[in-house]
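Taking it in order: structure first as structure tokens, then the write-up.
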Amino acid sequence: QVQLVESGGGLVQAGGSLRLSCAASGRTFSNYVMAWFRQAPGKEREFVAAISWSGGRAYHADSVSGRFTISRDSAKNTVYLQMNSLKPEDTAVYYCAARTGSYFYIVQSEYGYWGQGTQVTVSS
């Protein structure tokens, strides 16, 4: 059973930084794509970034490109989302997700495994 556990959320001022972690367990993830999504109050869940576990290829949404960076540590079975230059509009619950295969999808329905989410609040 795949388990994804996020951590690292919190309250930060605009312009600050946070690093989210997603600890993955239950499988060998060499053939998985890992992703981060976020959901702000009253809005749909949206794609943030994805990374292939084996090759480390990464893709970031335009809204976070240049500010956020997704990475993974295979030895620790952990995926990270480094968030810099945070803005109030980045406030959301951030979710870690996983899917088998090597293709990147930005649609949440393509991901079969989800964590419980971690709250990120950016004050102005």
Side-chain angles (χ1 to χ4, degrees):
Q1 182 73 11
V2 173
Q3 286 192 319
L4 305 174
V5 180
E6 302 98 332
S7 62
L11 173 64
V12 64
Q13 288 188 332
S17 298
L18 281 175
R19 188 178 78 159
L20 305 183
S21 300
C22 172
S25 62
R27 295 282 171 84
T28 300
F29 291 94
S30 57
N31 191 38
Y32 276 68
V33 168
M34 309 296 293
W36 288 96
F37 285 76
R38 67 185 181 185
Q39 188 166 20
K43 295 187 177 181
E44 294 188 354
R45 194 170 297 186
E46 66 171 355
F47 172 83
V48 175
I51 189 167
S52 65
W53 197 276
S54 58
R57 294 177 299 116
Y59 175 73
H60 299 79
D62 288 344
S63 59
V64 305
S65 183
R67 299 188 299 123
F68 292 10
T69 303
I70 189 172
S71 62
R72 89 271 187 258
D73 185 332
S74 299
K76 296 182 178 180
N77 260 17
T78 300
V79 177
Y80 302 100
L81 184 68
Q82 178 66 45
M83 306 185 295
N84 299 327
S85 301
L86 282 161
K87 305 175 182 180
E89 51 263 44
D90 294 318
T91 295
V93 177
Y94 283 71
Y95 296 91
C96 179
R99 68 179 307 277
T100 56
S102 58
Y103 291 105
F104 290 173
Y105 289 91
I106 65 172
V107 179
Q108 60 170 321
S109 60
E110 293 290 340
Y111 292 81
Y113 305 100
W114 291 85
Q116 82 289 350
T118 185
Q119 176 71 46
V120 172
T121 303
V122 184
S123 63
S124 57

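Numbering starts at 1 and runs along the sequence shown.
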Subject >> Pair listing, ring pair (Phe, Tyr, Trp, His ring centres under 6.0 Å) test, anchored in residues 92-112, at least two apart >> reply: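 Residue pairs with at least one partner in residues 92-112: Phe37-Tyr111.
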Quick one, [X] and [Y] - any side-chain contact, counting heavy atoms below 4.5 Å?
X      : Y     : result
Tyr32  : Arg72 : no
Trp114 : Cys96 : no
Val120 : Met83 : yes
Thr69  : Tyr80 : no
Ser102 : Ser52 : no

Would you check if the side chain of [X] reaches a backbone N or O of [Y] as a donor-acceptor pair within less than 3.5 Å?
X     : Y      : answer
Arg99 : Glu110 : yes
Thr91 : Val122 : yes
Glu6  : Thr118 : no
Ser85 : Arg67  : no

Original post:
What are the two closest heavy atoms between Leu18 and Val12, and how far apart are they?
Top reply: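 The answer is CD1-CG1, 4.1 Å.
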Subject >> Residues clustering with Leu11 (ILVMFWY side chains joined when closer than 4.5 Å, directly or via others) >> reply: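 Its cluster partners, ordered by chain and number, are none at all.
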**OP:** Could you go through the side-chain contact (heavy atoms from CB on, under 4.5 Å) check for His60 and Ile70 one step at a time?
**Re:** CA-CA 8 Å; His60 299 79; Ile70 189 172; 3.5 Å; yes
Original post:
Hey, which of Gln108, Gln39, Arg38 is the one that makes side chain to side chain contact (heavy atoms under 4.5 Å, CB included) with Glu46?
Top reply: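 Among Gln108, Gln39, Arg38, the one meeting side chain to side chain contact (heavy atoms under 4.5 Å, CB included) with Glu46 is Arg38.
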